[in-house]
Amino acid sequence: MTARTIAVSGSASGIGRALAALLRDQGDRVIGIDLRDADVTADLSVPEGRARAVAETLERCGGALDAVVASAGVSHFTDLTVKVNYFGAVALLDGLRPALARAESPRAAVVGSISGTQPADDAVVRACLDGDEPAALRAAAKVVEAGAGHRLYPSSKAAVARWLRRTCVTPGWAGAGIPLNAVAPGVVRTPMSAALFEDERMLKAMNDAVPMPLNGYADPEVIAEALRWLVSPANTHMTGQIVYVDGGAEATLRGPDVF
């Protein structure tokens, strides 16, 4: 198989790092994007950093890119979560879309979360989908002030999922032959989740919120394998799908009537 050029954000740790390793092992060229220890160092929480990430990636790929995976994410109880998880991911995917359109078999994916099915703040989600970052950050500030900062992570992931569902079938994506999908993990053993395993009270809350009857917690390589297939040439007709790689958590929580 011909080597492909694939951009991966969040490549320095967790799922992004695991995916970059899998892709390199199969002979692909990976352009890693992260705050540090990456080919492109950029801060996706701010507009200037997003623009830099796009510009430097385009320079490195020569204007044509086979796939993009937006894996970078944070889970802070602050507006940083909205900045990175929604606006950072969308800016990267939108900014690199023209380069994808020049490839023979372009693919794109984003890392969502089982948390996207949990209670979210409507004002944050609505502002995200409107593309109004100042309004989203004002809404996020109100959430934090109300002591509900834990809702910002599910809000950011719900907004990304809804953005993906409406965007994937547009002329610029499906019309250009670019599948756009997401993997929604359950609990994954990464640096981002490490603190949860060290606190017995938080661990119980996590297990109650995300029950995983099939094989329990996942390693990042498990999620990376699903992403690898989504952005492979083999995926010719799947788009707009949120693939729950979660040990059965989504099916347990939402039941058989949601499918």
Side-chain angles (χ1 to χ4, degrees), residues 6-17 19-20 30-61 63 65 67-100 108-113 115-116 120-121 123-145 148-164 167 172 180 182 190-193:
I6 301 173
V8 178
S9 72
S11 61
S13 67
I15 294 168
R17 181 178 181 178
L19 176 61
V30 175
I31 301 174
I33 304 165
D34 214 314
L35 283 170
R36 61 189 67 84
D37 302 325
D39 304 297
V40 175
T41 55
D43 183 355
L44 295 177
S45 72
V46 294
E48 315 85 73
R50 299 164 197 158
R52 176 178 176 177
V54 169
E56 291 194 15
T57 300
L58 290 174
E59 183 178 348
R60 285 176 174 270
C61 73
L65 198 57
V68 177
V69 178
S71 179
V74 298
S75 59
H76 301 298
F77 291 179
T78 70
D79 64 6
L80 182 66
T81 296
V82 176
K83 293 177 181 178
V84 176
N85 295 4
Y86 184 82
F87 290 99
V90 169
L92 189 70
L93 290 164
D94 273 343
L96 295 177
R97 190 203 60 78
L100 289 171
V110 62
V111 175
S113 173
S115 295
D121 184 82
V124 172
V125 174
R126 185 168 58 251
C128 286
L129 293 173
D130 287 344
D132 190 339
E133 188 166 3
L137 299 184
R138 288 193 298 270
K142 291 180 180 178
V143 173
V144 173
E145 288 168 10
H150 61 280
R151 287 203 168 190
L152 294 180
Y153 186 75
S155 297
S156 69
K157 294 301 187 178
V160 164
R162 291 175 60 178
W163 172 84
L164 181 149
T167 301
L180 174 61
T190 67
M192 190 170 76
S193 65

**Prompt:** Side chain of D39, backbone of G32: donor and acceptor closer than 3.5 Å?
**Reply:** yes
**Fill in**
Taking every heavy atom of V84 against every heavy atom of G73, the minimum-distance pair comes out as CG1-CA, 4.0 Å
**Message:** Measuring only between side-chain heavy atoms, which start at C-beta, is V144 closer than 4.5 Å to F77?
**Reply:** no
**Prompt:** With no hydrogens and no angle check, is any side-chain donor or acceptor of S71 less than 3.5 Å from a backbone partner on I15?
**Reply:** no
**Min side-chain heavy-atom separation T78-L152 under 4.5 Å** = no
**Message:** With a 4.5 Å cut-off on side-chain heavy atoms, are V68 and L100 touching?
**Reply:** yes
**Request:** Please test S9 against D34 for side-chain contact (heavy atoms from CB on, under 4.5 Å), starting from the C-alpha separation and ending with a verdict.
**Result:** CA-CA 6 Å; S9 72; D34 214 314; over 6 Å; no
**4.5 Å side-chain heavy-atom contact, V124 and V143** = yes
**Request:** Under the side-chain contact (heavy atoms from CB on, under 4.5 Å) rule, what do T57 and I33 come out as? Steps first, then yes or no, please.
**Result:** CA-CA 8 Å; T57 300; I33 304 165; 3.4 Å; yes
**Whether K142 side chain and A123 backbone form a donor-acceptor pair below 3.5 Å** = no
**Message:** Side chains of K83 and V46, heavy atoms from C-beta outward: is any pair under 4.5 Å?
**Reply:** no
**Asked** Do L65 and I6 come close enough that some side-chain heavy atom pair is under 4.5 Å?
**Response** no
**Request:** Please say whether more than 12 non-hydrogen atoms of neighbouring residues, nucleotides or ligands are located less than 6.0 Å from CZ in R17.
**Result:** no
**Prompt:** So, N85 side chain and V74 main chain: donor-acceptor pair closer than 3.5 Å or not?
**Reply:** yes
**Request:** Take W163 and V125, measure what side-chain contact (heavy atoms from CB on, under 4.5 Å) needs, and give me the verdict at the end.
**Result:** CA-CA 10 Å; W163 172 84; V125 174; over 6 Å; no
**Request:** Mind checking the CZ-OG spacing from R36 to S11? Nearest 0.5 Å is all I need.
**Result:** 11.5 Å
**Item:** Pairing residues for E56 by the salt bridge (charged side-chain N to carboxylate O under 4.0 Å, His left out) criterion, not counting sequence neighbours
**Value:** R52
**Request:** Kindly say whether Y153 contributes a backbone atom to a donor-acceptor pair with the side chain of S156 at under 3.5 angstrom?
**Result:** yes
**T190: partners by side chain to side chain donor-acceptor pair (under 3.5 Å), with sequence neighbours left out** = none
**Request:** Check whether any side-chain heavy atom of V110 sits under 4.5 Å from a side-chain heavy atom of V69, and report yes or no.
**Result:** no
**Prompt:** Under 3.5 Å, side chain of R50 to main-chain N/O of L92, donor-acceptor pair present?
**Reply:** no
**Asked** Is there side-chain contact between V40 and I31, with heavy atoms separated by less than 4.5 Å?
**Response** yes
**Asked** Donor-acceptor pair, D79 side chain versus L137 backbone, under 3.5 Å?
**Response** no
**Asked** With no hydrogens and no angle check, is any side-chain donor or acceptor of Y86 less than 3.5 Å from a backbone partner on C128?
**Response** yes
**Asked** Are any side-chain N or O atoms of D43 and backbone N or O atoms of G49, one a donor and one an acceptor, separated by less than 3.5 Å?
**Response** no
**Message:** Check whether S155 reaches the backbone of D121 with its side chain - one donor and one acceptor, N or O, closer than 3.5 Å.
**Reply:** yes
